[in-house]
Amino acid sequence: MLLPALLRRAHAPASQPRRHLSRLLDRYGFVAPASLTPAPRESRNPDDAAAAGKKRRTKKPPYRPPSSLDRGGRPPACSDLPFDFRFSYTESTPGSKPIGLREPKYSPFGPGRLDRPWTGLCAPAVDATLRDVDAEDPLPDAEKGLEEARRRERERVLAEPITPAEREFLVEKCQKNRTKRQINLGRDGLTHNMLNDTHNNWKCCEAVRIKCLGVPTVDMENVCHQLEDKSGGLIIHRKSGHLILYRGRHYNPKKRPVIPLMLWKPAEPIYPRLIKTTIEGLTIEETKQMRKKGLYVPVLTKLAKNGYYGSLVPMVRDAFLADELVRIDCKGLPKSDYKKIGVKLRDLVPCIIVSFDKEQIIVWRGKDYDGNLQDQTQKSFSSVVDSDDTLVESENGDPVPTPSDWPSECSEISSSDEVLDDKSVISDLD
């Protein structure tokens, strides 16, 4: 039976090669529908491909996170504050001119965010090219007008002085057990962005507590002056490094000044060297001997890190009555901190900086030292503080301590449990 079947298949015409190996198609005559039969691929026309590409969705741009430098087409901020914008108002003196800059004049406010140019030190309120160097008063008339306008505006906001009862109420309201609102003033002093923090706190309360620690506390008079001058407020309470700044009777938070924020801290400029090869008025040998002798002078006090140094200047003045050299121990403090303290002592005492070796501040009173002049300066300093005490009360209604009482009250200035007063220090030096 197999032979005839094989012969029929041999004489049959050649058929198309079968794609399926199954015999079901031969037995039952099954024909697959057209939907299941794969059609051969046709070559597409390039015109049709271009038309299909146009119908496709355009690809979305990659996500770009928002940046504070991108103004989005907005104009630069315009501030009507009549003073030069600086990073720190207490730790920078406009009178001292640097000898160079550490970086190009990149504005810390960001590109295109402020309508004032950045000079590397500040953003002046009035263009510096308007100043007349040859004139007796190089301050331009436009800047004088800004100062006068600021003085009138401050008087209008403060209005009549507050009564003792109102002062006591505000001081009690700003104590630690009543509120947590506080602005910390550290080694950078009163920075530009702190002015914005002050006005933000004044939205919700009439007065704000400010805690001062570190290098700026050497000259608290300057800190208080700059706070009142730049913010327009009034200090109604002062106890060591704690201040309470009052906003004024007619302060309107909706009409607060525009304060553009600094986005980063600008690099400090290059100033002349503090320690010269020879001290003015001495030879090289005398300078070497004085620096060696200064390391063996008894320590006046040891400064704690981020402490309160308000009594340091009177202590150095009193120590100069007994010895020509004074040594202050600064172990544990950053090098930049005790160098800034030395510069403040040089300007406030005044004295001559001898050395910063081995984390010690060594100062010399100079050849032309006059003890009577120092006594008069100390008395005038005490009288100024006494006059302030009549206006500023402490938390309990007691007057603020005078400079003679500061060493016994401010334990932060020394790491030991007891702090020597001025008389004991002088007796030790004898």
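All values below were derived from every heavy atom in this structure, side-chain atoms included, with hydrogens, water molecules and symmetry-related copies excluded. When a residue number appears, it is its place in the shown sequence, counting from 1.
Among pairs with a residue in residues 202-218, those fulfilling side-chain hydrogen bond (donor to acceptor under 3.5 Å, both in side chains) read Gln182-Arg209, at least two apart in sequence or across chains. A salt bridge (Lys or Arg N to Asp or Glu O under 4.0 Å) check over residues 351-364, counting only residues at least two apart or in different chains, returns nothing. The side-chain hydrogen bond (donor to acceptor under 3.5 Å, both in side chains) analysis of residues 93-103, with sequence neighbours excluded, yields the pairs Thr93-Ser96. For residues 243-256, every residue pair satisfying the salt bridge (Lys or Arg N to Asp or Glu O under 4.0 Å) rule, not counting sequence neighbours, is listed here: Glu160-Arg249, Glu166-Arg249. Residue pairs meeting the salt bridge (Lys or Arg N to Asp or Glu O under 4.0 Å) criterion with at least one member in residues 179-200, sequence neighbours excluded, are Arg187-Asp337, Asp188-Lys265. Residue pairs meeting the side-chain hydrogen bond (donor to acceptor under 3.5 Å, both in side chains) criterion with at least one member in residues 275-291: none, sequence neighbours excluded.
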Legend entry - side-chain contact (heavy atoms from CB on, under 4.5 Å) assessment of Asp219 paired with Asp347: CA-CA 10 Å; Asp219 189 5; Asp347 299 335; over 6 Å; no
Inset, instruction - May I have the step-by-step check of side-chain contact (heavy atoms from CB on, under 4.5 Å) for Ile341 and Leu333, ending in yes or no? - result: CA-CA 11 Å; Ile341 293 174; Leu333 269 70; 4.2 Å; yes
Legend entry - Steps toward side-chain contact (heavy atoms from CB on, under 4.5 Å) verdict (Tyr308, Met220): CA-CA 10 Å; Tyr308 175 75; Met220 284 299 297; 3.9 Å; yes
Inset, instruction - Just do the side-chain contact (heavy atoms from CB on, under 4.5 Å) check on Val343 and Tyr271 with the steps written out, would you? - result: CA-CA 12 Å; Val343 172; Tyr271 289 96; over 6 Å; no
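With a 6.0 Å radius and a threshold of 12 heavy atoms from other residues, nucleotides or ligands, Lys339 has its NZ atom at or below the threshold. Atom CD1 of Ile284 has 12 or fewer neighbouring heavy atoms from other residues, nucleotides or ligands inside a 6.0 Å radius. Residue Glu228 places its CD atom among more than 12 non-hydrogen atoms of other residues, nucleotides or ligands, all under 6.0 Å distant. More than 12 heavy atoms of other residues, nucleotides or ligands sit less than 6.0 Å from atom CG of Asn252.
Under the 4.5 Å side-chain criterion, counting only non-hydrogen atoms from C-beta, Val363 is not in contact with Val349. In this structure, the side chains of His199 and Pro257 come closer than 4.5 Å at one or more pairs of heavy atoms. The shortest side-chain heavy-atom distance between Leu312 and Thr301 falls under the 4.5 Å cut-off. Looking only at side-chain heavy atoms (C-beta outward), Ile210 and Val223 stay at 4.5 Å or farther from each other. A 4.5 Å side-chain heavy-atom check between Lys293 and Trp364 finds every atom pair outside the cut-off. No side-chain heavy atom of Ile244 sits less than 4.5 Å from a side-chain heavy atom of Leu170. Put simply, the side chain of Leu263 does not reach to within 4.5 Å of the side chain of Phe109, judged on heavy atoms. The shortest distance between side-chain heavy atoms of Cys224 and Leu243 falls below 4.5 Å.
The two residues Pro269 and Gly100 come nearest to each other via the heavy atoms CB-O, 3.5 Å. The minimum heavy-atom distance linking Pro124 with Cys122 is given by the pair CD-O, 3.5 Å. In terms of heavy atoms, Gly342 sits closest to Ile353 at O-CD1, 3.5 Å. Listed here is the closest heavy atom pair of Gly233 and Leu245: C-CD1, 4.0 Å. Here the shortest heavy-atom pairing between Pro76 and Gly112 reads CB-O, 3.4 Å. What you find for Leu190 and Thr90 is that their closest heavy atoms are N-OG1, 3.1 Å.
By the ring pair (Phe, Tyr, Trp, His ring centres under 6.0 Å) test, Phe83 pairs with Phe85, Tyr89, sequence neighbours left out. Residues passing the side chain to side chain donor-acceptor pair (under 3.5 Å) test with Tyr338, sequence neighbours excluded: none. Applying the side chain to side chain donor-acceptor pair (under 3.5 Å) criterion to Lys230, with sequence neighbours excluded, gives Gln226. The ring pair (Phe, Tyr, Trp, His ring centres under 6.0 Å) check on Tyr246 picks up nothing, with sequence neighbours excluded. Residues satisfying the salt bridge (charged side-chain N to carboxylate O under 4.0 Å, His left out) criterion with Lys344, sequence neighbours excluded, are Glu91. By the ring pair (Phe, Tyr, Trp, His ring centres under 6.0 Å) test, Trp118 is found to be paired with no residue, residues two or more places apart in sequence or in another chain being considered.
Separating the CZ atom in Arg346 from the CD1 atom in Ile352 is a distance of 10.5 Å, to the nearest 0.5 Å. In this structure, the separation between CG on Asn196 and CG on Leu261 is 4.5 Å, given to the nearest 0.5 Å. A distance of 11.0 Å separates CZ in Arg116 from OG in Ser107, rounded to the nearest 0.5 Å. Between the CZ atom of Arg365 and the CZ atom of Arg317 there is a distance of 15.0 Å, given to the nearest 0.5 Å. The distance from the CD atom of Glu172 to the OG1 atom of Thr179 is 12.0 Å, given to the nearest 0.5 Å. Here the SG atom belonging to Cys212 is positioned 6.5 Å from the CG atom belonging to Leu227, to the nearest 0.5 angstrom.
Looking at Ser231, its side chain never comes within 3.5 Å of a backbone N or O of Leu195 through a donor-acceptor pair. Checking side-chain atoms of Tyr106 against main-chain N and O of Pro111 turns up no donor-acceptor pair under 3.5 Å. His192 contributes no side-chain N or O that, together with a main-chain N or O of Ile259, makes up a donor-acceptor pair within less than 3.5 Å.
Between Asp229 and Arg150 there is a salt bridge, with a side-chain nitrogen of the basic residue lying less than 4.0 Å from a carboxylate oxygen of the acidic one.
Screening Glu147, Glu153, Glu148 against Arg151 for a side-chain hydrogen bond (donor to acceptor under 3.5 Å, both in side chains) leaves a single residue, Glu148.
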